[in-house]
Amino acid sequence: MGELGPQVRAALARELALADPGHSWHSDRSAPGQLAGFAAGLAGSLGKLGEDVLALSQSGLGEVGFRGGSGASSTMPQKQNPVAASALVALARQVIGLAGLVQGAALHRQQRDGAAWFSEWLNLPHLCISTSRKLSLANEIAESLVPDGAAMSRLLDDSQGLIHAEALTFALAEQMPRPEAMAAVKEMCREAQASQPPPPDRACEAAVSGHRLGRAVGLRWAGSGTG
């Protein structure tokens, strides 16, 4: 074809209703690699959704439930298994693995590596199918998820108010160097956990008001991290 190579390529693209890539694309695997990278990033986001739902719905926690129920247990009649969330996490892990295989095929011998292409096309279809299913599962979970506000409040109250310890550290750090504030709050938390606790929402307040550093800086605990 001599100098007519680009014209032949462009004419062939027109006949096939394709875009002219402007260069020889055989060894340029950036497009499949970018697709795989996008799919892996999406898998990370949707997989995190699935992991959070699995954690929040587990027995003993139960901060979320599912409208219409979920999968039943084969041995425990009272148990509801979050099947959709489990499938979402499994598919996310599969897609992340497949994405690595597709991107690994970017290494081509010469101008056309048959083995690398085979590796792409062995994995790209599964990657796309699993990504599609992840999206539909995430939508199903979002539409069926039912938060349990009472369970969330109960678990917060069970902490004896110590969930506010970080906010207390920042409040105390306005009165003294932060390392000293952190050490003081850690000591207060140990005292609150070791002593016979007052009502849960008063544990931090009692620890602060009775602690020498709290008295020294006149810190008042209001449960919101302000001094």
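Since the model is a prediction, treat every value here as computed from it, not as a measurement.
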- Message: Measuring only between side-chain heavy atoms, which start at C-beta, is Val89 closer than 4.5 Å to Leu46?
- Response: no
- Query: What distance do Asn123 atom CG and Gln94 atom CD have between them, rounded to the nearest 0.5 Å?
  - Reply: 9.5 Å
- Roughly how far, to the nearest 0.5 Å, is CG of Leu168 from CE of Met182? 12.0 Å
- Test salt bridge (Lys or Arg N to Asp or Glu O under 4.0 Å) applied to Glu63 - qualifying residues, sequence neighbours left out: none
- Message: Is there a path of hydrophobic side-chain contacts, each under 4.5 Å between heavy atoms, that joins Val53 and Leu88?
- Response: yes
- To the nearest 0.5 angstrom, please state how far the CD atom of Gln34 sits from the CD atom of Gln103. 9.5 Å
- Would you kindly confirm whether Ile96 and Leu98 end up in one hydrophobic cluster when ILVMFWY residues are joined by side chain heavy atoms under 4.5 Å apart? no
- So, for Leu91 and Ser130, which heavy atoms are closest and what is the spacing to 0.1 Å? CD2-OG, 3.8 Å
- Could you tell me whether the side chain of Leu135 reaches within less than 4.5 Å of the side chain of Leu42, counting heavy atoms only? yes
- Nearest heavy-atom contact between Ser86 and Leu54 is OG-CD2, 3.5 Å
- Item | CD (Gln58) with more than 12 external heavy atoms under 6.0 Å | yes
- What's the shortest heavy-atom distance between Ala115 and Arg109, and which atoms? CB-NH1, 4.4 Å
- Message: Show the nearest heavy-atom pair for residues His23 and Arg9, with the distance to one decimal.
- Response: N-CZ, 3.9 Å
- Give, for atom CG of Leu172 and atom CD of Glu180, the distance between the pair rounded to the nearest 0.5 Å. 9.5 Å
- Item | Nearest-0.5 Å distance, CD of residue Glu140 to CZ of residue Phe66 | 11.5 Å
- Indicate the atoms forming the closest heavy-atom contact of Asp148 with Gly62, along with that distance. CB-O, 3.7 Å
- Query: Taking all atoms of both residues into account, what is the closest heavy-atom pair of Pro147 and Met152, and its distance?
  - Reply: CB-CE, 3.9 Å
- Would a hydrophobic clustering, with Ile, Leu, Val, Met, Phe, Trp and Tyr connected at side-chain separations under 4.5 Å, put Trp117 with Val102? no
- Message: Quick check: do Leu101 and Glu120 have side-chain heavy atoms less than 4.5 Å from each other?
- Response: no
- Rounded distance [0.5 Å steps], CG in Leu145 versus CG in Leu56: 8.0 Å
